[in-house]
Student: 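What follows is a structure written as structure tokens; I'll ask about it next.
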Amino acid sequence: MKIRSLLSTILAAVAALGLAACSEEKKPAAAPAAAPAPAKPEPLKIGFVYVGPVGDAGWTFAHDLGRKAIEARFGDRIKTTYVEKVPEGPDAERVIRDLVAQGNKLVFATSFGFGDSMAKVAKDHPDVFFEHATGFKTAPNLRVYEGRFYEDAYLAGVMAGLMTKTNTLGFVASFPIPEVLRNINAYTLGAQSVNPKVKTKVVWVSAWFDPPKETEAAMSLIDQGADVLLQNTDSTAVLQAAEKRGKYAFGWDSDMSAVAPKAHLGSCVLNWGVYYEKAVGEVLAKTWKTEETKWGIKEGVNDFVKIPEFVPAEVKKKVEEAKAFLVANPGAVFRGPITDNTGKVVLQKDQVADDKWKGEVNFYVKGVEGKVPSGK
Amino acid sequence: MIRLEVRSTPSRLASALSPLAALLFTVAVAGLIFWALGKDPVRGLKVFLWEPLHGTRGLTELGLKATPLTLCALGLTVCFRSNVWNIGAEGQYLMGAIGGGGLALWFTNAGLDVGRWGFFPLLLLAGALAGAAWAAVVALLRDRFNASEILVSLMLVYVANLFLTWLVFGPWKDPKGFNFPQTTSFAAFTEVPRLVPGMRLHLGYPVALLLAVAVWVFMFRTHRGLQLQVGGPAPLAARYAGFSARAALWMVLLGSGALAGVAGAFEAAGPMGQLTPHVSMGYGFTAIIVAFVGRLHPLGAVLSSLLLAVFVIGGELAQSRIGLPAALSGIFQGVLLFSLLACDTLINHRVRWGGSRGR
């Protein structure tokens, strides 16, 4: 009997809540209509969904610099909001829906794992524009954008190939997805372009941001003889580890030169503001249309910067030459012949890789040691 | 000076009031933090605690978020009451997601359309079995080798996580997914039936509520439940009464594993609709807080999982509405647990003013 009365109480409570909810639902819709018409047009509301904390370096920090760039550029014509540390999974959908409910007409989601959530919300809101970084699913109101990060990795490789004493490079890698494998391969190809003897060792940490693991991975690479390290993870841990052990490393995603003045050979930085200005401009001018944007050094989305004073002038010159080549030939890091590390030719002589090729990279190029985890 | 004095019997009133006092204290701390960050505390609290309850979408999202928390916390409630310290609900949750998600994937690939209502019981079963199987490892090692269930269950979380990672990077990877770590999207019929049109709340929540009532009946209205509760804190007395500690160990571990597994299966075939490395947001770990804030009581778990769901969703809203940092949700969870532990002192102690002042 007790159970029954309890149940009915719960049911009654749920019903009451539900009713209250229904009656409340209508109120917010009525409110804006009652407001007097503003003198000048409402600012375009723009929402950003970040995967990490903004912090002071790395991937999300770089996106937030982009957000600040459009705020500076467009002033009171726009109003930006961001939600940080959004987990990749079902939570993202709620955050995106809520941003839309708040009146944001342009939504940027800055991690691969937000793709499905973006696609679901985009379908329900044809009047809102959605922009998904590093994704591949598009719709009439959902488009994707990406940097050619591997160009930076290639330039870091050129630098590493000239600065290494052991001819062994190290790479601290996050997850074996095409983007990361492209970076490992580009790093190695860049180094081999100036120093054919170079080998690259890879340690996977299965995380985008995990400073203790990144440190451990960096230390183990150094223990195996690697003396110039690059990473595809998001913290400054690898640089700090290299600084401590007297080796070299690079900044990734944002300028990390301040972290390790002796170890830092340059930073692979992202300037998302360049793309965000284009996207916001298109929405304001009503010329936005769905497409896939892959910008790189030429367009200014990514760059290799802050080469320190102590780097010999001829090394610096070689890096500048490689950069000039990439500006003239965007994305030309992957030119045939390229063989994978089992000896199979993956790109024929004189061919330049197309987007499909780059999207399906699941191998190491010759010179990278080991096997891609569960890559088959 | 303030002095603590041991009570002769634990105070029932203090036990009931402790969570409320802890909540009030947390709210006060929250208000202070808002104020220190230069935000209006009243508006901050409103966004954080009230906004998530706003409207049909808010309430259904709350239920959706509370579903895995409730299910995991129910199992932990039984475990902790029986003095079995299963810290690894997260791992059992992940295995449930793999079991349920794997079944959905199999039916999808085989084109076996059994309909939403036909698939639901199978999903439930798959999740429960997978979660229970994972917990059985803990029970076996504890039973046969007296291995600490705390360490074993915790370490199995990492094993389950790596197993999931291996599956989505390897054999279960979507062949058309550009090498990205995810399975194919499950067919529509595998989705847990939704309750409100256009909202993501699904049948899992009422199931969780029913299970909460069932756990309550089991714990407080059956002989078995009594055995567990006696056997936990007083194993010798239980043995004297002829209750089997081994049976209790197996029962609570399998039961809590099954509940966590069901939670994982619901999440995989519910709002996700595919497996990725990000099936869990740490629900299995958060559920430990839920269980304690809920006074290790099944109905308390229902309420406290809603409360923690409010914290999570409120934290997101506080970011997008008033630009507060994301770390606040975690801070409030921590403050709540700490103040609860502090308030719990009053269950077995009473406060005396004065006394040892003359020093």
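Keep in mind it's a predicted model, so treat the numbers as computed, not measured. Per chain, numbering begins at 1; letters A, B, ... match sequence-line order.
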Student: What part of B/P325 gets closer than 4.5 Å to chain A, counting heavy atoms only: side chain, backbone, both or neither?
Tutor: both
Student: Would you call A/R143 and A/E131 a salt bridge, taking side-chain N to carboxylate O under 4.0 Å as the test?
Tutor: yes
Student: For B/F218, is there any backbone N or O sitting under 3.5 Å from a side-chain donor or acceptor partner on B/R224?
Tutor: no
Student: At a heavy-atom distance under 4.5 Å, which candidate from A/V86, A/D98, A/V361 has the highest pair count against chain B?
Tutor: A/D98
Student: Who among B/G315, B/S185, B/G270, B/P271 has the most heavy-atom pairs with chain A under 4.5 Å?
Tutor: B/P271
Student: Below 4.5 Å from any heavy atom of chain B, which atoms of A/F48 appear? Answer side chain, backbone, both or neither.
Tutor: neither
Student: So which of A/L181, A/N104, A/V54, A/D116 has the largest heavy-atom pair count under 4.5 angstrom toward chain B?
Tutor: A/D116
Student: Counting only heavy atoms not in A/K137, do more than 12 fall under 6.0 Å of its NZ?
Tutor: yes
Student: Is there a donor-acceptor pair closer than 3.5 Å between any side-chain N or O of B/T222 and the backbone N or O of B/G225?
Tutor: yes
Student: Looking at A/R182 and A/E146, is there a salt bridge between them, counting it only when a charged N and a carboxylate O are closer than 4.0 Å?
Tutor: yes
Student: How close do A/A173 and A/V202 get, counting heavy atoms only, and between which atoms?
Tutor: CB-CG1, 3.9 Å
Student: Which bit of A/Q102 comes within less than 4.5 Å of chain B, counting heavy atoms only: side chain, backbone, both or neither?
Tutor: side chain
Student: Of all of B/I313, B/L324, B/L64, which one pairs up most often with chain A through heavy atoms under 4.5 Å apart?
Tutor: B/I313
Student: Which one, B/Q182, B/E61, B/Q274, leads in non-hydrogen pairs under 4.5 Å with chain A?
Tutor: B/E61
Student: If only side-chain N and O atoms count, and only distance matters, is there a donor-acceptor pair under 3.5 Å linking B/E267 with B/S280?
Tutor: no
Student: Counting heavy-atom pairs closer than 4.5 Å to chain B, which one of A/K85, A/E88, A/R97 comes out on top?
Tutor: A/E88
Student: Measure centre to centre between the rings of B/F163 and B/W172, then say whether the value is under 6.0 Å.
Tutor: no
Student: Would you mind checking which part of A/K356 comes under 4.5 Å of any heavy atom in chain B, side chain (CB onward), backbone (N, CA, C, O), both or neither?
Tutor: neither
Student: Can you tell me which of A/P53, A/G47, A/G89, A/P87 forms the most heavy-atom pairs within a distance under 4.5 Å of chain B?
Tutor: A/P87
Student: Could you check whether A/F175 and A/W208 have their ring centres less than 6.0 Å apart?
Tutor: yes
Student: Among A/V83, A/T81, A/L99, which residue forms the greatest number of heavy-atom pairs with chain B at distances under 4.5 Å?
Tutor: A/V83
Student: Examine whether an atom of B/M272 lies under 4.5 Å from a heavy atom of chain A, and if so say whether it belongs to the side chain, the backbone or both; otherwise answer neither.
Tutor: both
